[in-house]
Amino acid sequence: MFGDRITASCAKRHHSPSDFHLINNFSQPERMFRSNERGCKELYFEGKHLKLKNLKLKQIQNDYLYNSIPAQPEEVEIKVSTLRHNTDLQGYRGIWDSEGFKKPLRSDSSTRDLVWWSPDISRLDITIAEEQYLNNEEFYDKVKPFLHKFTSSPAFLASSRLGNFRFSMPIDQLLKSYKQQFCAGRNPQIRVFETVVYKQEVMYSIVIHAPRAQDLFSEYPVLQKSQDAVCELHEDTIIWRPQAMSKTHKFRLSPNMRPIFIPRARQNYMWDNIGVAFHVPHGQIFKFSQAILFKSLRLCEGAEPKLTSEEFVKCDFGHIRP
């Protein structure tokens, strides 16, 4: 696949709505269900980024959503300057041969002609976020690094469930190329796209499109700069404010900023993520030279549950990012 969505969708091909324990309450028109391209049911809210506390008010029956998260660093800001596009061997060959990214099949709607990327978060990004968190909390005592113990969800891991091939590029490079190729030199428009609820993940997406495609996306609000927003774009950097950073919590945070091990059986929790979708009209390609593709290409370790029909490539893996 040239343009797989980077998200923790289902590992199996077929699920019923009951697998997600969702109440199909049609009295709330903004709540809708669909089957994604992997045959999995999704609950989604268009044009909104609903925080976990707001989702709990929607009467969604999901045990993970209502599990009380142990004490953790709250209101952490992750500054995302690099995005990644993970794919399998078939997708890699398609990207390399066509020198770019596209959605291989025609969508049922032009608004779904999207190429998906996700945050590529480095260890340095976590360190910077921790330092800012301590400053915001006005905590100036020296402490050992702790935030990495609370950022263990798939959104922060270097592994991939979509295949071993990763294209990683700076946001400013992606935006500059998109502006040149699709916007005739004008600035692309960036909008709040959806909140999508899976069995154990909430994914907040933004869509980037050319000004000439404004009619397609006019019902989606422009992404604003706000301290209360799930994410915002500031000087070619996405500021992401995750609410649930771990899939399972092995630690709780003490008042003196020390991670305390929780000696009990693991409990699963909801985790959140963000997705960045570039609108690439059907028949077009978001192009990059093979030199740029080669420079951005990494091999990453496969993770379960696998979201592709291909087997993972067996090889040795080095650093993804420092």
Undergrad: Can you list the steps and then say if Thr237 with Ser81 is a side-chain hydrogen bond (donor to acceptor under 3.5 Å, both in side chains)?
TA: CA-CA 5 Å; Thr237 298; Ser81 59; 5.7 Å; no
Undergrad: Would you mind telling me which of Ile238, Val230, Leu233, Ile274 makes a side-chain contact (heavy atoms from CB on, under 4.5 Å) with Ile206?
TA: Ile238
Undergrad: Tell me the closest heavy-atom pair linking Tyr269 and Thr248, and the distance in Å.
TA: CD1-CA, 4.3 Å
Undergrad: Which pair of heavy atoms, one from Pro188 and one from Ile208, lies closest together, and at what distance?
TA: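 The pair with the smallest heavy-atom distance is CB-CG2, 3.8 Å.
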Undergrad: From His282 NE2 over to Lys102 NZ, what is the distance, rounded to the nearest 0.5 angstrom?
TA: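 Answer for the NE2-NZ pair, His282 versus Lys102, is 8.0 Å.
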Undergrad: Find out if a path of hydrophobic residues (ILVMFWY) with successive side-chain heavy-atom gaps under 4.5 Å connects Ile292 to Val280.
TA: yes
Undergrad: For the residue pair Glu130 and Leu147, what are the closest heavy atoms and their distance?
TA: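 Taking Glu130 first and Leu147 second, the nearest heavy atoms are OE1-N, 2.8 Å.
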Undergrad: State, to 0.1 Å, how close Arg112 and Glu194 come at their nearest heavy-atom pair, and which atoms those are.
TA: NH1-OE2, 3.1 Å
Undergrad: Just wondering, do Met245 and Ile126 contact through their side chains at under 4.5 Å, heavy atoms?
TA: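 No; the side chains remain at least 4.5 Å from each other.
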Undergrad: Cation over ring, Arg298 on Phe165, under 6.0 Å and within 45°?
TA: no
Undergrad: Run Phe150 and Trp271 through ring pair (Phe, Tyr, Trp, His ring centres under 6.0 Å) and show every step you take.
TA: CA-CA 11 Å; Phe150 297 91; Trp271 56 278; over 10 Å; no
Undergrad: State, to 0.1 Å, how close Val115 and Phe101 come at their nearest heavy-atom pair, and which atoms those are.
TA: CG1-CB, 3.7 Å
Undergrad: Evaluate the salt bridge (Lys or Arg N to Asp or Glu O under 4.0 Å) criterion for residues Glu232 and Lys225: first the C-alpha distance (whole Å), next the side-chain angles of each, then the deciding distance (0.1 Å), finally the verdict.
TA: CA-CA 5 Å; Glu232 61 181 270; Lys225 293 182 180 180; over 6 Å; no
Undergrad: If you count the non-hydrogen atoms of other residues, nucleotides and ligands that lie under 6.0 Å from CD in Glu75, is the total more than 12?
TA: no
Undergrad: Using the ring centroid of each side chain, check whether Phe288 and Phe167 are separated by less than 6.0 Å.
TA: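 For Phe288 and Phe167, the ring centres are not under 6.0 Å apart.
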Undergrad: So does Glu42 pair up with Arg34, basic N to acidic O under 4.0 Å?
TA: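 Salt bridge between Glu42 and Arg34, a charged N being under 4.0 Å from a carboxylate O: yes.
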Undergrad: What's the separation between atom OH in Tyr92 and atom CG in Leu297, rounded to the nearest 0.5 Å?
TA: 6.0 Å
Undergrad: Tell me, with the steps shown, if Ser168 and Asp120 meet side-chain hydrogen bond (donor to acceptor under 3.5 Å, both in side chains).
TA: CA-CA 7 Å; Ser168 180; Asp120 191 2; 2.5 Å; yes
Undergrad: Give me the ring orientation class for Phe217 and His209: parallel if the planes are under 30° apart, tilted from 30 to 60°, perpendicular past 60°.
TA: parallel
Undergrad: Which label fits Phe278 and Phe286: parallel for a plane angle under 30°, tilted from 30 to 60°, or perpendicular past 60°?
TA: tilted
Undergrad: Do the side chains of Asp272 and Lys51 get close enough for a salt bridge, i.e. N-O under 4.0 angstrom?
TA: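 Answer for the salt bridge query: no.
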Undergrad: Is there a side-chain contact between Leu223 and Arg191, using heavy atoms and a 4.5 Å cut-off?
TA: no
Undergrad: Out of curiosity, does Ile69 fall in the hydrophobic cluster containing Ile78 (side-chain heavy atoms, cut-off under 4.5 Å, transitive links)?
TA: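 The answer is no; the residues belong to distinct hydrophobic clusters.
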Undergrad: Is a side-chain donor-acceptor pair under 3.5 Å present for Gln243 with Lys53?
TA: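 Side chains of Lys53 and Gln243: no pair found under 3.5 Å.
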Undergrad: Flag yes if more than 12 heavy atoms outside Glu74 fall under 6.0 Å of its CD atom; otherwise flag no.
TA: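 Open.
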Undergrad: Does Phe294 have more than 12 heavy atoms from other residues, nucleotides or ligands lying within 6.0 Å of its CZ?
TA: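 Open.
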Undergrad: Tell me if the CG atom of Asp228 is crowded by more than 12 foreign heavy atoms within 6.0 Å.
TA: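 Result for CG/Asp228: open.
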Undergrad: Quick one, Ser122 with Asp125, criterion side-chain hydrogen bond (donor to acceptor under 3.5 Å, both in side chains). Give me CA distance, side-chain angles, the key distance, then yes/no.
TA: CA-CA 5 Å; Ser122 69; Asp125 295 332; 3.2 Å; yes
Undergrad: What residue among Arg212, Gln214, His279 forms side chain to side chain donor-acceptor pair (under 3.5 Å) with Gln189?
TA: Gln214
Undergrad: Is it true that atom NZ of Lys295 has more than 12 heavy atoms of other residues, nucleotides or ligands lying nearer than 6.0 Å?
TA: no
Undergrad: State plainly whether the residues Glu201 and Lys247 are in salt-bridge range, i.e. N to O under 4.0 Å.
TA: no
Undergrad: Can you label the angle between the Phe193 ring and the Trp116 ring as parallel, tilted or perpendicular, going by 30° and 60°?
TA: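 Taking Trp116 first and then Phe193, their aromatic rings sit tilted (interplane angle of 30° to 60°).
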Undergrad: Which heavy atom in Phe146 sits nearest to a heavy atom in Met257, and how many Å separate them?
TA: CD2-O, 3.7 Å
